[in-house]
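Have a look at the structure below, then the notes.
Numbering of ligands and ligand atoms starts at 1, following listing order. What you are looking at is a predicted structure, and each value in this text was computed from that prediction instead of being measured. Only this structure's heavy atoms are used, side chains among them; waters, hydrogens and symmetry mates stay out.
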Amino acid sequence: MNKIRKELDLLKDKINSLNYMYYVLDDPEISDLEYDTLFIKLLSIEELNPDFITEDSPSQRVGSLPLDKFKSVDHKLPMLSLNNVFHSEDLTSYMERIEKKILKPYEKILFSAELKLDGLAINLLYRNGVLEVGSTRGDGFVGEDVTKNIKTIRSIPLKLIGNNIPNTIEVRGEVFISKNGFKKINSSHNEKKFANARNAAAGSLRQLDSNVVSKRPLDAFFYSIGECSNNFKINSQTELLSQLSKWGFKTCSINEPVLGKTGCQNFYKKILSIRDDIPYDIDGIVYKVDNILDQQQLGFISRAPRWAIAHKFPAEEKTTIINDVRFQVGRTGVLTPVASLESVEVGGVTVKNATLHNMDEIIKKDIHIGDTVSIRRAGDVIPEIIKVIKKNKNRQKIKLPSNCPECGSNIAKEDGMAFAKCTAPLICSAQKKGAIIHYVSKKAMDIKGVGEKLISRLVDENILNDISDIYKLDKKNLKNFIMNRTIREDSGKEYDITLGDKSIDNIINSIKGKMEVKLSNFIYSLGINEVGEVTARSLANKYKSINNLINAKYDDIILLKDIGPVAALNIYNFFQSKRNIDIINKIISAGLNFILDKSNNNLFNGQTYVITGKLKNFSRQDLEERIINNGGNISSSVSKKTYALIVGSDPGSKLDKAKKLEVKIMTEEKFINLK
Ligand code: IVH
């Protein structure tokens with residue numbers, strides 16, 4: 001037995017190392033045939049000895065049974081984002097801010113200049129050198145467990161190589177698909193088309209079937225670490241990059257230590273001029289203060305490090321002609337003017353429509369139908385019109401309709417208000433459809449199988465009138481209704497929706513499967529104006545039940561951090577509407593149950609924390625949010641009621657006071673490990 005295990009271990013190491021040569025170093029050592037022979041040998045030994053299959057075996061890269069959904073994983077240290085600058089002047093202001101903090105003229109600061117890869121961030125947790133969990137960034141605290149998918153990426157080490165491997169380490173980087181890889185998947189007939197390489201990478205990584213993922217040309221570069229044990233010491237970002245490659249990670253080969261703002265700008269200009277020749281998409285440059293001690297001194301602002309900044313490339317601009325303008329009615333009744341354009345390629349995507357935002361914007365930019373305009377598309381943002389390039393002789397004025405284009409009701413546009421609104425939320429089918437589409441969407445109730453077209457049709461046929469009608473859908477009404485109805489697309493193409501029994505079952509099961517829902521998701525799904533996910537989460541954490549929220553007073557809602565007067569009024573007014581309350585009651589009668597957020601596990605229930613000193617791993621705001629979201633309180637001064645004082649470096653007088661009052665004192669690390 002031992003002999004077999006030994007042989008297997010040798011074989012695994014050999015194949016892992018060949019993978020590394022091929023996928024990371026791009027320097028294959030043997031022929032494909034020789035490689036395949038070794039791989040088949042590995043598979044056959046493992047088949048006979050399934051107990052010997054380990055997580056780091058290359059056989060684990062080929063995908064396995066599809067999942068129902070991804071589990072969530074807590075990142076050990078939050079995954080931060082980067083602040084952006086677009087122009088040279090903003091870069092100068094950034095440099096001035098940091099030079100004040102570290103007392104070094106900015107031209108003397110060494111930066112690690114790196115490409116800003118346009119993929120999606122991942123976090124890999126290695127324990128004892130073996131890849132244990134791979135996750136997406138999620139909201140920065142909690143991501144999705146995509147380990148099975150990550151393992152299919154051949155350039156990602158399943159087992160680290162070299163020395164100084166910490167017991168536990170989170171390694172962070174970017175998953176992407178190269179420009180060529182993207183062309184290949186988009187030209188293959190049996191794959192769905194993606195708008196760009198980033199979407200293709202994101203769509204692939206979030207596939208539930210890892211067999212499908214293993215066929216997608218995903219790749220990854222690594223550039224930072226999160227939690228790390230063993231007192232692993234590193235002096236600079238440059239050193240970190242070289243250590244990551246020594247452990248077997250692929251790092252981007254285009255990066256340079258550069259001196260000062262001048263060095264940063266020269267690197268930026270150089271890369272901008274060769275951007276098209278780089279085999280993968282990038283959307284800017286990241287400058288990171290190289291020295292780790294300086295980084296610590298600079299710390300964080302909110303969710304982003306102060307020691308790094310992304311210098312984004314300008315969004316690509318193109319000119320085209322406005323053929324027409326129509327008004328789209330959103331779920332809150334707001335009319336948005338949308339220009340139909342002569343189609344044009346911008347940043348690799350064909351653009352046919354662009355938003356004109358609102359009437360004030362149209363007047364300000366003096367936009368008319370027939371004009372030649374310049375348009376811009378930045379990342380995933382909806383394309384917009386920058387300015388008129390040439391006025392057409394026969395240009396036509398864009399007029400706000402006096403009636404809603406969807407339901408014919410009156411339009412209200414008050415003086416001084418940029419937005420025009422349809423005045424009939426209860427009648428307007430566009431608003432009903434919008435509300436229901438939002439309700440079932442992923443971040444809201446996440447009900448699968450009911451897409452926009454189906455909802456649109458069900459609203460037109462009066463089967464769905466409001467969100468509570470979702471719970472009236474059953475096999476019978478779906479089957480009777482759906483079969484043989486003709487749908488007309490914008491393009492004029494017609495086809496029948498013929499939902500089979502299986503799809504109908506999926507819809508019904510999905511609705512049934514979502515009868516237990518996080519309170520915060522439900523609040524978000526109500527579609528209250530200006531209540532996004534974060535606000536919904538704060539409301540759920542504070543009020544703990546929908547009834548408490550329904551009865552909340554404006555003066556109480558406004559006390560919540562991050563909720564301004566407009567959002568507070570929207571929330572209050574929403575629950576003053578009898579119709580809204582009726583709808584919520586109908587949903588509750590249908591059997592919906594609310595659970596409090598997972599993160600709200602009352603870990604710090606009722607405990608009051610005080611924070612002092614400079615934090616290494618969190619911004620103060622993040623730490624406070626984490627405590628509050630888990631049922632704790634924050635106070636600005638230490639008293640007998642304080643549960644614990646969290647101490648960063650250079651603590652203030654609060655530390656003395658805590659010692660005097662014998663209040664518990666915790667380092668940041670100790671706090672992080674509270675679970
Ligand atoms: S460092 C605390 N380096 O940009 C440092 N990020 O806008 C955080 N990104 O979430 C990241 N290329 O997904 C870093 N060379 C690079 C990067 C990079 C792309 C992404 C990353 C991050 C996002 C922030």
Side-chain angles (χ1 to χ4, degrees), residues 75-86 90 94 98 111-124 134-144 146 150 170-178 196-199 201-202 205-206 218-228 234 236-242 244-245 249-258 264 267-268 271 275 278 280-292 294-313 378-381 615-619 621-622:
H75 303 310
K76 291 186 169 292
L77 277 188
M79 290 180 81
L80 303 166
S81 56
L82 291 169
N83 286 327
N84 295 327
V85 291
F86 284 90
D90 305 330
Y94 168 75
I98 60 167
F111 291 91
S112 168
E114 300 171 18
L115 303 188
K116 185 161 191 316
L117 307 154
D118 198 7
L120 61 152
I122 52 158
N123 186 28
L124 306 182
S135 53
T136 59
R137 178 178 184 279
D139 63 2
F141 292 108
V142 184
E144 283 178 319
V146 286
I150 295 275
E170 289 182 310
V171 178
R172 284 151 186 197
E174 203 84 356
V175 165
F176 63 93
I177 286 180
S178 71
N196 50 45
R198 202 195 105 82
N199 287 2
L205 197 67
R206 298 195 62 259
L218 289 166
D219 206 343
F221 285 146
F222 291 86
Y223 45 66
S224 77
I225 57 173
E227 164 113 328
C228 182
I234 206 98
S236 67
Q237 169 69 12
T238 316
E239 220 177 285
L240 176 67
L241 290 176
S242 98
L244 289 174
S245 18
F249 292 100
K250 198 160 166 176
T251 55
C252 175
S253 59
I254 310 177
N255 62 68
E256 265 174 41
V258 297
C264 290
F267 185 81
Y268 176 91
I271 300 300
R275 182 181 182 186
I278 295 177
Y280 36 84
D281 286 337
I282 55 172
D283 58 350
I285 305 293
V286 187
Y287 313 124
K288 302 176 182 172
V289 171
D290 199 44
N291 185 306
I292 300 286
D294 287 346
Q295 288 188 2
Q296 280 165 1
Q297 171 104 12
L298 285 162
F300 304 86
I301 350 166
S302 183
R303 293 270 161 97
R306 207 183 263 114
W307 47 262
I309 194 89
H311 191 173
K312 299 286 279 278
F313 293 142
D380 283 340
V381 184
L615 303 171
K616 260 201 323 265
N617 301 309
F618 295 94
S619 74
Q621 193 190 336
D622 279 345

Can Leu82 and Lys116 be said to form a side-chain contact (heavy atoms from CB on, under 4.5 Å), step by step?
CA-CA 10 Å; Leu82 291 169; Lys116 185 161 191 316; 4.2 Å; yes

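Under the side-chain hydrogen bond (donor to acceptor under 3.5 Å, both in side chains) criterion, Asn255 pairs with no residue at all, not counting sequence neighbours.
Side chain of Ser112 to main chain of Lys288: no donor-acceptor pair is present (N/O by atom type, distance under 3.5 Å, no hydrogens or angles). With Gln295 contributing its side chain and Val289 its backbone, the two residues share a donor-acceptor pair below 3.5 Å. At distances below 3.5 Å, at least one donor-acceptor pair connects side-chain atoms of Glu170 with backbone N or O atoms of Leu77. Not one N or O on the side chain of Arg137 forms a donor-acceptor pair closer than 3.5 Å with the backbone of Ile122.
Of all protein heavy atoms, the one lying nearest to atom 3 (N) of ligand 1 is Lys288 NZ, 2.9 Å. Ranking the protein heavy atoms by distance from atom 12 (N) of ligand 1 puts Leu117 N, 3.0 Å first. With respect to atom 22 (C) of ligand 1, the closest heavy atom belonging to the protein is Tyr223 OH, 4.3 Å.
Heavy-atom proximity to atom 13 (O) of ligand 1, evaluated over Glu174, Glu114, Met79, is greatest for Glu174. Nearest to atom 15 (N) of ligand 1 by heavy atom, out of Leu241, Leu115, Leu120, Ile282, is Leu115.
By the criterion of a heavy-atom distance under 4.0 Å, both the backbone and the side chain of Lys116 are placed next to ligand 1. Contact annotation for Arg172 and ligand 1: no heavy atom of the residue comes within less than 4.0 Å of the ligand. With a 4.0 Å heavy-atom cut-off, ligand 1 is reached by the backbone of Leu82 and by its side chain too.
Of the N or O atoms in Val286, none lie within a sub-3.5 Å distance of an N or O in ligand 1.
Looking at Glu114 and Gln237, their side chains do bring a donor and an acceptor atom within 3.5 Å of each other.
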